[in-house]
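Reading through the structure tokens given below for one structure.
Just so it is clear, the structure is predicted and the values come from calculations on it, not from any experiment. Below, chains carry the letters A, B, ... as their sequence lines are ordered, and counting in each starts from 1.
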Amino acid sequence: MSGPADSIEIQNVVASTGIGQELDLEALADDLPGADFNPDNFPGLVYRTQDPKAAALIFRSGKIVCTGAKSIDDVHEALGIIFDKLRGLSIPVDEAPEITVQNIVSSADLGHNLNLNALAIGLGLEDVEYEPEQFPGLVYRMDEPKVVILLFGSGKIVITGGKRTDDAETAVEEIVKRIDNLGLLD
Amino acid sequence: RLRKWQERIRTKDAGERNLQFALSEIDRMASALGVPRSVREVASVIYRRALNEDLIRGRSIEGVATSALYAACRQEGIPRSLDEVAEVSRVPQKEIGRTYRYISQELGLELKPVDPKQFVPRFASALGLSEEVQAKATEIIDVSAEQGLLSGKSPTGFAAAAIYAASLLCNEKKTQREVADVAQVTEVTIRNRYQEQIEAMGFR
DNA sequence: AGTTTACTTTATAAAGC
DNA sequence: GCTTTAAAAAGTAAACT
């Protein structure tokens, strides 16, 4: 059975980790080709991997944030590359640093156009933020799973705030139910 | 003990002065926008509620005052766009929008999305257009909104396009530039919405 | 008038102001 | 609160050709 849940695509995964070692970012900026470090703007050093494509923010404390990966596997791959690069610079890195997924951004297509005005009232104005003068999407905060869904007139949606791969799937099934119950899924 | 008394009086005075400042700012902006006294009163009530619920902490008094006025205009059915409100405020439009969303959520205002039709009388009269054009523009908005064209679109741009289309249909033509200026949108937006609307009306 | 680039919104960690 | 990073959605806008 093909449904909206099958159209889900992970677009971005944010994860955090740490190498268990303090870093000299000034020195690291010189040793890592392509590294961006502007301590006046932001305390983290920015390093990008090409394959898989991702961006890492490396901090003096040794903590690292990885963003832009298209899957959880890609996060592990990208961070693995960074760990090896650091080891290559004779920086001691924990053997298998714990990697925590912090946020997953997914997109999906409900396959029907949406009347956002009717949806704002139907879903409940108290849980909805819809200000087309400021942004074309309707913002819906769902409690279980605890995610935020952006709904557009085209029926395309964005699910963010989830930490597990199946949060998006559960959220899509739930939002489809709620919209259908309102009779707003044409 | 005497110090505590003085402190209380001092903070009470400061709070009173801040409230007076906020209310006078609401009055000043409301006058500049030309909204009726009833809207200023609603804005004052919203501001006082925000104050009582401690929503001003971490935000500027002027920002909350402006947002309260923006919300009051909507609540009273005579909305002003964020652009228009920002013009008479010394707070940037982006902050007004954010603060509005925050106080709206926290106070549970539950305001419905702005109806583009509510801009028609004001924009049309600023352009010197007749009642006939206004009625036509209103009809265009109703028909195209029913066909689902309104979702995600800015209410001012939607209203501007309908007024432009209605002015053509009623032989009281205004240029896209003239309509764009009073609605504070670009000609490109009017062109885009106009194309969709005349198609929805079955013209073209 | 068409194209490109860029900004609006959501979530999330990191260190410091 | 802010700063930076990534990505999607769709609307709006400005700067070009």
Side-chain angles (χ1 to χ4, degrees), chain A residues 7-18 23 25 36-49 52-71 74-75 78 99-110 114 116 129-142 146-163 167-168, chain B residues 57-60 63 81-83 93-95 97-99 101-102 150-158 160 176 180 183-193 195-196:
Chain A
S7 70
I8 296 173
E9 284 181 43
I10 294 181
Q11 301 291 352
N12 182 21
V13 178
V14 179
S16 59
T17 187
L23 292 166
L25 298 184
D36 288 339
F37 183 46
N38 300 89
D40 292 344
N41 285 351
F42 189 69
L45 178 153
V46 182
Y47 183 73
R48 286 162 232 270
T49 58
K53 192 180 167 221
L57 304 176
I58 305 174
F59 297 89
R60 188 178 32 82
S61 63
K63 292 189 175 176
I64 300 174
V65 172
C66 178
T67 70
K70 289 285 183 193
S71 70
D74 282 358
V75 167
I99 295 172
T100 309
V101 173
Q102 301 288 357
N103 183 29
I104 298 177
V105 182
S106 299
S107 61
D109 189 349
L110 300 187
L114 298 171
L116 299 184
E129 208 171 85
Y130 175 49
E131 294 293 331
E133 192 184 343
Q134 302 182 56
F135 184 69
L138 183 155
V139 181
Y140 184 61
R141 284 160 212 281
M142 189 174 273
K146 193 178 172 299
V147 296
V148 172
I149 305 176
L150 308 181
L151 302 119
F152 297 85
S154 63
K156 301 272 186 68
I157 70 172
V158 171
I159 306 96
T160 186
K163 287 184 159 49
D167 281 344
Chain B
R57 191 168 295 178
R59 260 158 281 270
S60 70
S81 67
L82 283 175
D83 269 296
Q93 192 199 314
K94 189 171 165 180
E95 188 189 327
R98 280 190 183 171
T99 306
R101 280 183 269 138
Y102 177 71
L150 180 56
S151 287
K153 267 64 165 232
S154 106
T156 45
F158 209 79
Q176 294 180 357
Q184 294 191 253
V185 296
T186 62
E187 293 166 274
V188 178
T189 296
I190 291 187
R191 237 173 269 137
N192 292 336
R193 295 307 134 246
Q195 291 296 340
E196 299 169 353

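Residues from residues 132-140 of chain A that place a heavy atom under 4.0 Å from any atom of DNA chain D, listed by number: A:Phe135, A:Pro136. Scanning residues 154-162 of chain A for heavy-atom distances under 4.0 Å to DNA chain C yields A:Thr160, A:Gly161.
Annotation: D:dG1 and C:dT9 have their P atoms spaced 13 Å apart (nearest Å). Comparing the C1' positions of C:dG2 and D:dA8 gives a spacing of 25 Å, expressed to the nearest Å. Taking the P atoms as reference points, D:dA9 lies 25 Å from C:dA13, given to the whole Å. Separation of the P atoms belonging to C:dT8 and D:dT3 is 10 Å when rounded to the nearest angstrom.
Distances were taken from every side-chain heavy atom of A:Gln11 (C-beta onward) to each of C:dT10, C:dA13, D:dA7; the shortest belongs to D:dA7. Distances from the side chain of B:Lys153 to the nucleotides D:dT5, D:dT12, C:dT12 place D:dT12 closest. Residue B:Thr186 places its side chain closer to D:dA13 than to any other of C:dA14, D:dA13, C:dT10. Side chain of A:Leu57, nearest nucleotide from D:dA6, D:dT4, D:dA7: D:dT4. Closest to the A:Ala55 side chain, of the nucleotides D:dT12, D:dA6, D:dA13, is D:dA6. Between C:dT9, C:dA11, C:dA1, one nucleotide has an atom nearer to the side chain of A:Asn103 than all others, and that is C:dA11. The side chain of A:Phe152 lies closest to D:dA9 when the candidates are C:dT10, D:dA6, D:dA9. Side-chain atoms of A:Lys63 lie closest to C:dA15 of the nucleotides C:dA11, C:dA15, D:dA9.
Contacts of B:Gly152 with the nucleic acid, taken as non-hydrogen atoms under 4.0 Å apart, involve only primed sugar atoms and P, OP1 or OP2. Heavy atoms of B:Arg98 sit under 4.0 angstrom from primed sugar atoms or phosphate atoms, though from no base atom. Within 4.0 Å of A:Ser106, counting heavy atoms only, lies no atom of the nucleic acid at all. Residue A:Val147 is classed as having no contact, given no heavy-atom separation below 4.0 Å to the nucleic acid.
Nucleotide C:dT10 holds its C1' atom 9 Å from the CD atom of A:Glu129, rounded to whole Å. Across the protein-nucleic acid pair, A:Phe37 atom CZ and D:dT5 atom P stand 14 Å apart, rounded to whole Å. Note: CG (B:Asn192) to C1' (C:dT3) measures 13 Å, nearest angstrom. Straight-line distance from the CD1 atom of A:Ile64 to the P atom of C:dT12: 21 Å, rounded to whole Å. A:Asn41 places its CG atom 16 Å from the P atom of C:dG16, with the value rounded to the nearest Å.
A:Asp36 has a carboxylate O that lies under 4.0 Å from a charged side-chain N of A:Arg48, or vice versa, which qualifies the two as a salt bridge. B:Glu95 has no carboxylate O lying under 4.0 Å from a charged side-chain N of B:Arg98, or vice versa, which leaves the two without a salt bridge. B:Arg101 has no carboxylate O lying under 4.0 Å from a charged side-chain N of A:Glu131, or vice versa, which leaves the two without a salt bridge.
Distances shown here put a side-chain N or O of B:Lys94 below 4.0 Å from the OP1 or OP2 atom of C:dT8. At the phosphate of C:dG2, neither OP1 nor OP2 sits under 4.0 Å from any side-chain N or O atom of B:Arg191. Side-chain nitrogen and oxygen atoms of A:Arg60 include none within less than 4.0 Å of the OP1 or OP2 phosphate oxygen of C:dA14. In this model, the phosphate group of C:dT9 is approached by a side-chain N or O of B:Arg101 to a distance below 4.0 Å at OP1 or OP2.
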Bracket string, DNA chain C, 5' to 3' - pairs by Watson-Crick or G-U geometry under 3.5 Å, | interstrand:
||||||||.|.||||||

